[in-house]
Amino acid sequence: MLDLATLRASPDTIRLSMARRGLEVPVGRLAATEAEIRELRHEADNLRAAQRSLGREIAGLQGEEKRQAIERATSLAGRIKELNTRAGDLSEQFYREWHTLPNLVDPSAADGLTEDDSQELRRVGETPSFGFEPADHEALGESLDIIDTKRAAKMAGSRFGYLKGKAALLEFALIKWSMDHLVEAGLVPMVTPVLVREMALFGTGFFPGDRQQVYEIPADDLFLAATSEISLAAYHADEILEPEQLPIRYAGFSSCFRREAGTHGKDTGGIFRVHQFDKVEMFSFTRPEDSNEEHERILGLEEKLVGELEIPYRVVNVAAGDLGASAAKKYDIEAWFPSWNAYREITSCSNTTDYQARRLKVRMKAPGGNRLVHTLNGTAVAVGRVIIALLENHQQSDGSVLMPEALHPYLGFDRIDPP
RNA sequence: GGAGAGGUGGCCGAGAGGUCGAAGGCGCUCGCCUGCUAAGCGAGUAGGGGGUUUGUAGCUCCCUCGAGGGUUCAAAUCCCUCCCUCUCCGCCA
């Protein structure tokens with residue numbers, strides 16, 4: 001959610017920022033409505049003040065005097081109700097629109113509207129050249145008998161997968177290995193709830209925009225979280241933090257659930273795009289002035305992890321029009337996938353500035369009044385995609401796959417061989 | 001799932017239609033005082049929004065006593081719905 005003060009003081013800032021996302025926002029109309037709501041509320045407040053002082057008098061009056069005072073108070077009450085009803089209606093209409101507006105875009109976010117407009121910042125690691133035709137992860141998963149999407153489809157439908165044997169062990173190794181790194185970097189490890197209230201989804205900016213992407217449990221008014229970002233962000237909702245506590249950094253592990261509505265026909269094979277996967281996610285609460293630096297720090301941790309896995313990657317600055325609602329700026333790390341002959345997203349980190357903090361009411365004490373903190377999130381390990389990248393990049397001519405050295409102590413094996 | 005008890009400021013806790021954004025205590029902050037410390041004395045100490053102001057401070061108004069509705073001239077207090085916590089029983093990893 002954006003700051004109303006910005007709408008009042010410089011609506012053009014909002015208009016221009018939304019334009020970078022390819023959105024045309026009638027800021028003039030919004031500003032006028034907001035001003036009208038404020039006027040109505042102001043008038044109602046003044047009448048209310050009169051009503052309250054009259055009410056205090058009534059308590060001490062008797063007989064005819066009291067009767068007349070109550071009559072005047074009744075008329076005041078009626079006018080106040082009328083004003084508040086009008087303000088309430090307008091307000092509901094205003095916020096319905098206001099809540100859909102995404103965050104202001106950081107000036108340094110890449111220009112453009114789509115994925116193709118991402119700005120490549122750097123490439124790291126050499127893409128492998130095989131002396132044979134490399135297999136894709138689906139084929140490798142099958143031939144090694146470590147990923148089973150066929151039986152998963154029978155059991156739960158398309159876009160599910162079983163991790164089996166050494167792939168299952170690989171998941172646990174990845175989680176433990178990454179958590180060790182993150183704890184060392186000062187993050188507090190967390191295992192988070194996957195069922196969340198609407199408030200958490202609204203607070204993180206997934207609602208109202210991405211509602212169709214989220215699984216719903218109507219009987220209990222709960223939703224399956226698409227990422228632990230949601231439960232980590234809402235962890236400090238309604239709190240006023242001490243500035244000395246900041247930055248607060250978490251590493252959350254959870255399963256993630258996504259309906260993937262509207263992606264029919266996209267990435268249909270294997271486990272690249274599935275309804276359920278496990279992920280270690282980083283999340284930070286910072287002072288406003290520190291969030292840019294924190295964003296780079298998170299990216300640094302992501303690069304360190306991907307680097308240790310010996311996966312070739314590139315870093316991109318995501319284009320303004322391709323940003324999620326809450327992000328002001330986003331870096332993606334795209335791993336090299338030989339089967340696609342392309343780089344594709346394996347991590348993503350966003351600076352959401354005060355957008356989530358405002359909705360979740362996460363503040364810090366500050367001289368002259370409390371201030372909203374900034375929040376940031378970033379993928380440490382999206383298990384499924386990392387497994388794919390490992391299989392495809394480290395496959396050997398004999399059909400086996402070598403494991404990166406960093407994982408050996410966590411795995412208890414250094415390669416996966418065909419059965 | 002069954003039965004019961006509760007949600008009030010940073011914490012504890014009073015409050016049962018008007019003088020209550022809220023007694024008292026603890027904690028915290030500032031000041032005074034006392035060789036030091038402790039004790040003592042005094043003052044301050046919730047959040048959000050609006051108005052005034054170039055801005056800050058100040059002044060002022062409104063809202064918030066778990067959330068949302070309702071009754072009333074007037075609600076922390078009465079009514080309804082929901083959420084949460086605790087205790088006992090049941091069930092369960």
Side-chain angles (χ1 to χ4, degrees), chain A residues 1-10 30-92 94-96 98-99 191-203 207 216-223 231 234-246 248 253-255 285 288 354-373:
Chain A
M1 185 159 61
L2 301 177
D3 192 354
L4 287 177
T6 312
L7 180 65
R8 283 174 213 148
S10 61
L30 284 169
T33 307
E34 197 275 334
E36 193 181 345
I37 293 165
R38 209 148 22 99
E39 267 170 49
L40 289 169
R41 285 260 148 85
H42 186 56
E43 201 181 336
D45 279 1
N46 287 339
L47 291 179
R48 176 84 177 138
Q51 183 200 26
R52 282 173 55 120
S53 75
L54 185 56
R56 276 190 288 271
E57 279 176 42
I58 287 172
L61 295 178
Q62 292 299 325
E64 180 62 13
E65 271 190 320
K66 182 164 187 166
R67 200 192 57 74
Q68 287 186 359
I70 287 181
E71 207 169 282
R72 271 182 291 145
T74 308
S75 119
L76 276 176
R79 285 164 63 199
I80 291 165
K81 189 160 193 176
E82 198 181 307
L83 285 170
N84 277 334
T85 304
R86 270 167 61 199
D89 289 349
L90 269 183
S91 184
E92 197 184 320
F94 172 81
Y95 277 107
R96 204 170 21 241
W98 188 247
H99 286 155
V191 178
T192 65
V194 293
L195 288 170
V196 301
R197 287 242 176 89
E198 180 160 9
M199 154 266 175
L201 287 155
F202 174 79
F207 282 9
E216 189 171 355
I217 316 288
D220 297 285
D221 276 327
L222 290 167
F223 300 83
S231 41
Y235 185 68
H236 287 299
D238 293 315
E239 292 186 18
I240 299 169
L241 306 167
E242 299 291 338
E244 310 84 66
Q245 295 177 263
L246 299 170
I248 296 175
F253 168 82
S254 82
S255 291
F285 298 84
D354 61 10
Y355 190 85
Q356 296 180 332
R358 181 170 294 107
R359 291 185 177 212
L360 290 165
K361 300 190 181 69
V362 188
R363 292 149 294 172
M364 56 173 256
K365 283 189 184 158
N370 298 325
R371 297 173 66 197
L372 295 167
V373 301

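The figures that follow rest on heavy atoms only: side chains count, while hydrogens, waters and symmetry mates do not.
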Side chain to side chain contact (heavy atoms under 4.5 Å, CB included) partners for A:E239, two or more places apart: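 Listed in chain order: A:H236, A:L241.
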
Separation of B:G9 P from A:D238 CG (nearest whole Å):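 Roughly 13 Å, once rounded to whole Å.
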
Atom-pair distance (CG on A:D220; C1' on B:C84), nearest Å: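 Spelled out: CG on A:D220 to C1' on B:C84 is 15 Å.
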
With [atom1] as the reference atom in both, quote the distance from [N] to [M] in angstrom, rounded to an integer.
| N | M | atom1 | answer |
| --- | --- | --- | --- |
| B:U45 | B:A23 | P | 11 Å |
| B:A5 | B:C61 | P | 41 Å |
| B:C83 | B:G90 | P | 25 Å |
| B:C12 | B:C65 | C1' | 16 Å |
| B:A67 | B:G9 | P | 10 Å |
| B:C88 | B:G70 | C1' | 34 Å |
| B:C41 | B:A46 | P | 22 Å |
| B:G27 | B:U87 | P | 28 Å |

Out of B:G50, B:C84, B:C73, whichever nucleotide has its closest atom nearest the side chain of A:R197: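 So the side chain of A:R197 is nearest to B:C84.
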
Nucleotide nearest A:A77 (side chain, heavy atoms from C-beta), chosen from B:A74, B:U71, B:G18: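 The closest nucleotide is B:A74.
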
Taking side-chain hydrogen bond (donor to acceptor under 3.5 Å, both in side chains) as the definition, give me every residue that meets it alongside [X], ordered by chain and number, with sequence neighbours left out.
| X | answer |
| --- | --- |
| A:R52 | none |
| A:K365 | A:E242 |
| A:Q68 | A:E64 |
| A:D45 | none |

Pair listing, side-chain hydrogen bond (donor to acceptor under 3.5 Å, both in side chains) test, anchored in residues 69-89 of chain A, at least two apart: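 For residues 69-89 of chain A: A:R67-A:E71.
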
N/O donor-acceptor pair under 3.5 Å between A:D220 side chain and A:L222 backbone: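 Here the side-chain-to-backbone pair does not exist.
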
A:R371 or A:G55, whichever maps to the more 5' nucleotide of RNA chain B: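 That would be A:G55.
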
Residue closer to the 5' end of RNA chain B, A:A69 versus A:H42 (nearest nucleotide):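 The residue mapped nearer the 5' terminus is A:H42.
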
Which one is paired to [N], where only Watson-Crick or G-U wobble pairs with both distances under 3.5 angstrom count?
| N | value |
| --- | --- |
| B:G1 | B:C89 |
| B:A76 | none |
| B:G27 | B:U45 |
| B:U37 | none |
| B:C82 | B:G66 |

A:F202 six-ring face occupied by A:R359 cation (under 6.0 Å, within 45°):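 Geometry flag: set, cation within 6.0 Å and 45°.
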
Sub-6.0 Å ring centroid separation between A:Y235 and A:F285: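 Not close enough - the centres of the two rings lie 6.0 Å or further apart.
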
Sugar-phosphate only, base, or nothing, as touched by A:Q51 at under 4.0 Å among non-hydrogen atoms: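 It contacts sugar-phosphate atoms only.
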
Touch class at under 4.0 angstrom, heavy-atom based, for A:R8 against every strand present: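 The residue A:R8 makes sugar-phosphate contact but no base contact.
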
Inter-residue atom distance A:L54.CG - A:L76.CG, 0.5 Å rounding: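 One gets 6.5 Å once the value is rounded to the nearest 0.5 Å.
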
Ring pair (Phe, Tyr, Trp, His ring centres under 6.0 Å) partners of A:F253, counting only residues at least two apart: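 A:F253 satisfies ring pair (Phe, Tyr, Trp, His ring centres under 6.0 Å) with no residue once adjacent residues are dropped.
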
Under 4.0 Å protein heavy-atom contact, by nucleotide of nucleotides 55-69 of chain B - B base, S sugar-phosphate only: ------SSS------

For nucleotides 44-46 of chain B, tabulate all protein N/O to nucleotide N/O atom pairs closer than 3.5 Å, reporting atom names and distance.
none

